[in-house]
S.K.: 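I have a structure here, written as structure tokens, and I will follow up with some questions on it.
Heavy-atom basis, side chains included; hydrogens, waters and symmetry copies ignored.
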There are 2 protein chains.
Amino acid sequence: MPWDTEATRRRLLDAAVEEFAEYGPAGARVDRVARSAGVNKERIYQYFGDKDGLFRAVLERELQRLAAAVPLTLEQAGDLGDYAGRLFDHHTDHPHFLRLLHWEGLASGGEAVAEAKRAALQHDKVAAIADAQRSGLVTGAIGAGQLLYGVMALVDWWFVAPHVVRMTVGAEGMDRAAQRAAVVELARRMTAPDRDEPPTGATSR
Amino acid sequence: MPWDTEATRRRLLDAAVEEFAEYGPAGARVDRVARSAGVNKERIYQYFGDKDGLFRAVLERELQRLAAAVPLTLEQAGDLGDYAGRLFDHHTDHPHFLRLLHWEGLASGGEAVAEAKRAALQHDKVAAIADAQRSGLVTGAIGAGQLLYGVMALVDWWFVAPHVVRMTVGAEGMDRAAQRAAVVELARRMTAPDRDEPPTGATSR
DNA sequence: CGATTTTCCAACTGCATGGTTGGAGTTTGC
DNA sequence: GCAAACTCCAACCATGCAGTTGGAAAATCG
């Protein structure tokens, strides 16, 4: 049988996403990843160095997918409720990502995976929101970075602390559509300009 | 030397809080807890059954502390910005708790620690907010449970995803006082009634 | 004070787990 | 078509780790 190194690599990553999302970096088992991928364990060490390298590779791939799927352009930054909704949808369709992200946040203390690239990406989003603030579409009473923080917090927490959500809103509050509507509305209210708030300057558009 | 069983128990819990908050249930090491507490490992199994029992005991104690320190009474529910600020202060002073809570959320799939008691507590808070909605202090456009969700999400995320926060608001945005101010303001805006929104009914006060 | 129970510890056990090795099959370059 | 390089695997290794055991010191009870 011929070889397909790219496929082995991909199958390992696919299996690893599941494993790390479910159990986290400490709880994940390398043997289980290999077994579930139908590939020998040793391949993991050739391709990714060690367990931590595999985790970083997994996270990096998911980060790229998110960035591609849910952009925040200058035009879109005026409606952060919509952005919250799109983020929510992506996380609903790809439930692994947020779990990986928060395993990372809790477990690894030092530099984040692909920190520079991610920081630059966030910076662009903050700039887009600042622009929307200048054109009066978003409140200027709070910093653009803080607003982005708020939106992410509102979207993410459903997935990160589902047990607290369950204890707060009850089983009937676990409905995805209802959660989505709530998040969009909360984000809108949080970011809306005051009724008589004037635009503060020229936009970059 | 005389014995003090209550003290050994407490020293184990104190050491375990640190350990579990830092490494999570999977990453935590029983030996390390015992060593750091200056107590023999076997004591842990006598007092708490197993590693998971120790984790639950730790979490339960911290939950009680939080409930005692940051209440949400009928009178206080009208100002959710203030509640957000008080929550934020408690978490700043007790940084272990939120990490434990989110390790729990990510790691354990089934029933939560002390689920019934916690659910009842949350239910009371939701009821208090619903009351504030009826008296027109808080917007009625969103369910009370969802509002409580929003406040918790806004407060907690600083502590849960510090690496994302760092990449979003930069090193200068990591100032606690600034974060507190942002959270309070975001919560106020999110929960404020619309300008002409009328009270919807009688309060229970 | 003697018998019994309780607290505590040093040392041990068994196994799960991250990582390695030696070699066999497959492709590539000349 | 043959040698060098690469992909892959079964089996192996060392150690880290949750949980246990046997017995010594301290308390309790009569």
S.K.: Measure CZ/A/Arg35 against C1'/C/dT17 and give the value in whole Å, please.
M.R.: 15 Å
S.K.: Would you please say whether a donor-acceptor pair under 3.5 Å links the side chains of B/Trp157 and A/His102?
M.R.: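 A/His102 and B/Trp157 do have a side-chain donor-acceptor pair below 3.5 Å.
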S.K.: Please confirm whether the shortest side-chain N or O distance from B/Tyr47 to OP1 or OP2 of C/dC8 is below 4.0 Å.
M.R.: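 For C/dC8, OP1/OP2 do have a side-chain N/O of B/Tyr47 under 4.0 Å.
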S.K.: Between P on C/dC8 and CG on B/Asp4, what's the gap in Å once rounded to a whole number?
M.R.: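 So the two atoms are 8 Å apart, to the nearest Å.
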S.K.: Identify which one of A/Arg29, A/Arg32, A/Lys51 satisfies the salt bridge (charged side-chain N to carboxylate O under 4.0 Å, His left out) criterion when paired with A/Glu19.
M.R.: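 Option passing the salt bridge (charged side-chain N to carboxylate O under 4.0 Å, His left out) with A/Glu19: A/Arg32.
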S.K.: Rounded to the nearest Å, what distance is computed from the CZ atom of residue A/Phe55 to the C1' atom of nucleotide C/dG18?
M.R.: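 A/Phe55 atom CZ is separated from C/dG18 atom C1' by 17 Å.
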S.K.: Do the ring planes of B/Tyr149 and A/Trp158 sit parallel (below 30°), tilted (30 to 60°) or perpendicular (above 60°)?
M.R.: parallel
S.K.: If we count only N and O atoms by modelled type, under 3.5 Å, do the side chains of A/Arg176 and A/Gln179 hold a donor and an acceptor together?
M.R.: yes
S.K.: So if I apply the side chain to side chain donor-acceptor pair (under 3.5 Å) rule between A/His96 and each of A/His91, A/Glu18, A/Arg65, which one comes out positive?
M.R.: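 Running side chain to side chain donor-acceptor pair (under 3.5 Å) over A/His91, A/Glu18, A/Arg65 with A/His96 returns exactly one hit, A/Glu18.
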S.K.: To the nearest angstrom, how far is A/Arg9 atom CZ from D/dC6 atom P?
M.R.: 16 Å
S.K.: Can you check each nucleotide of nucleotides 9-22 of chain D against protein heavy atoms at under 4.0 Å and return B for base, S for sugar-phosphate only, - for none, in 5' to 3' order?
M.R.: BB------SBBBB-
S.K.: List the residues meeting salt bridge (Lys or Arg N to Asp or Glu O under 4.0 Å) with B/Asp89, not counting sequence neighbours, and say none if there are none.
M.R.: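 For B/Asp89, the residues satisfying salt bridge (Lys or Arg N to Asp or Glu O under 4.0 Å) (neighbours in sequence not counted) are B/Arg180.
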S.K.: Could you tell me the separation between the CG atom of A/Leu54 and the P atom of C/dT17, rounded to a whole number of Å?
M.R.: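 Taking atom P of C/dT17 as the reference, CG of A/Leu54 is at 16 Å.
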